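Report on the structure given below.
Numbers restart at 1 for each chain; the letters A, B, ... are given by sequence-line order, proteins then strands. The model shown is predicted, which means the values in this text are computed figures rather than measured ones. Basis for what follows: all heavy atoms, side chains included, without hydrogens, waters or symmetry-related copies.
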Protein chains: 2
Amino acid sequence: MQELDLRYPNCPVRNVLIRFSDKWSLLTLRNIERNGKMRYKEIGNAIPDISQKMLSSTLKHLEEDHLIVREAYAEIPPRVEYSLSEMGKSLMPVIQSLIDWSLAHFEEVTR
Amino acid sequence: MQELDLRYPNCPVRNVLIRFSDKWSLLTLRNIERNGKMRYKEIGNAIPDISQKMLSSTLKHLEEDHLIVREAYAEIPPRVEYSLSEMGKSLMPVIQSLIDWSLAHFEEVTR
DNA sequence: CTGTATCCGTCTAGATACTG
DNA sequence: CAGTATCTAGACGGATACAG
């Protein structure tokens, strides 16, 4: 296996990490994890300060990255449910450890 | 303790995570961890595609967040050494688990 | 309800030149 | 050597209006 060295731009680790390195991805994943299946508007309600545009964009990216699953039902009004993929679920303990660390150290970091 | 709910913009966890949610922070921390004390130029060399501006900016932020320690020596030519703080060291296992996950799943994520 | 389209201001990030 | 200053292009992100 080559190009695993973090120094290089095409390092796969760098190209994975960059996908969560935005304002809303971890937060969105965390909410879907907590509530199981969630509808578009439920997620929006759970993150009061996200705009529709960023919510759509974030969900689309997470789906493209195979971290969440999108199920659309052809009803009127339409219903769309988002849930974690198996891979998404496997990421959550790692995110949880990040959250735990943040909780333990935020006073020192932001001091 | 209040305002620990991830939903709110002033949640401390969100305000900690946002500090690593950029292109260079984790990469810089990882390099300093691997090599112990590093000079400005050494870090730059270890990350060939970072610009001077982004390196300066990233190092400054990491120092402000108390994750790294900056030691400047009044020599000519000047010498500045960066190393992980104790808190920075405590973050590295978490980052390592992120890297491990990325390594295990990058094919599926980027597929 | 679940989005998309558009506009627009701000922030990010790189290139280059320059300083102590 | 270790940065800073300036400029610029593009990405990010919010508000609003609109569509299926």
query: Do B:V109 and A:L17 share a hydrophobic cluster, counting only Ile, Leu, Val, Met, Phe, Trp and Tyr and linking them when any side-chain heavy atoms are less than 4.5 Å apart?
result: yes
Throw together a table of side-chain donor-acceptor distances under 3.5 angstrom for residues 74-81 of chain A, partners on residues two or more places apart or in other chains.
residue, atom, partner, partner atom, Å
A:E75, OE1, A:R79, NE, 3.2
A:E75, OE2, A:R79, NH2, 2.7
A:R79, NH1, A:E81, OE2, 3.2

query: How long is the line joining CD of A:E75 and C1' of C:dG3, in whole Å?
result: 16 Å
statement: For A:D49, the salt bridge (charged side-chain N to carboxylate O under 4.0 Å, His left out) test, sequence neighbours excluded, returns B:R14
Those residues of residues 54-70 of chain A lying under 4.0 Å from DNA chain C by at least one heavy atom: A:S56, A:K60, A:R70
- prompt: Rounded to whole angstrom units, what separation is found between the OH atom of B:Y82 and the P atom of D:dC1?
  reply: 14 Å
message: Side-chain heavy atoms nearer than 4.5 Å, only ILVMFWY residues, links allowed to pass through others: does that put B:V69 and B:Y40 together?
response: no
- prompt: Looking at residues at least two apart in the chain, or sitting in another chain, which of them share a side-chain contact (heavy atoms from CB on, under 4.5 Å) with A:D22?
  reply: A:W24, A:S25
task: Take atom CD1 of B:I47 and atom C1' of C:dA13, then tell me their distance rounded to the nearest Å.
output: 15 Å
field: Neighbour count >12 (heavy atoms, 6.0 Å) for atom CD, B:E107
entry: no
- prompt: Does a nitrogen or oxygen in the side chain of A:K23 sit under 4.0 Å from OP1 or OP2 of C:dC11?
  reply: no
field: Shortest non-hydrogen contact between B:N15 and B:N10, atoms and distance
entry: ND2-C, 3.5 Å
- prompt: For nucleotides 15-20 of chain C, read 5' to 3', which letter fits each nucleotide if B means a protein heavy atom sits under 4.0 Å from the base, S means only the sugar-phosphate is that close, and - means neither?
  reply: B-B--B
field: Between A:T28 and A:Y82: side-chain donor-acceptor atoms closer than 3.5 Å
entry: no
- prompt: To the nearest 0.5 Å, how far apart are NZ in B:K60 and CG in B:D65?
  reply: 13.0 Å
field: Within residues 24-46 of chain A, residues whose heavy atoms come under 4.0 Å of DNA chain C
entry: A:R39, A:Y40, A:K41
From CA spacing to verdict: side-chain contact (heavy atoms from CB on, under 4.5 Å), A:M87, B:W101: CA-CA 10 Å; A:M87 183 169 62; B:W101 187 92; 3.6 Å; yes
task: Provide, to the nearest angstrom, the distance between the CD atom belonging to A:E81 and the P atom belonging to C:dC1.
output: 14 Å
statement: When rounded to the nearest 0.5 Å, the distance separating OG of A:S85 from CD of B:E108 is 7.0 Å
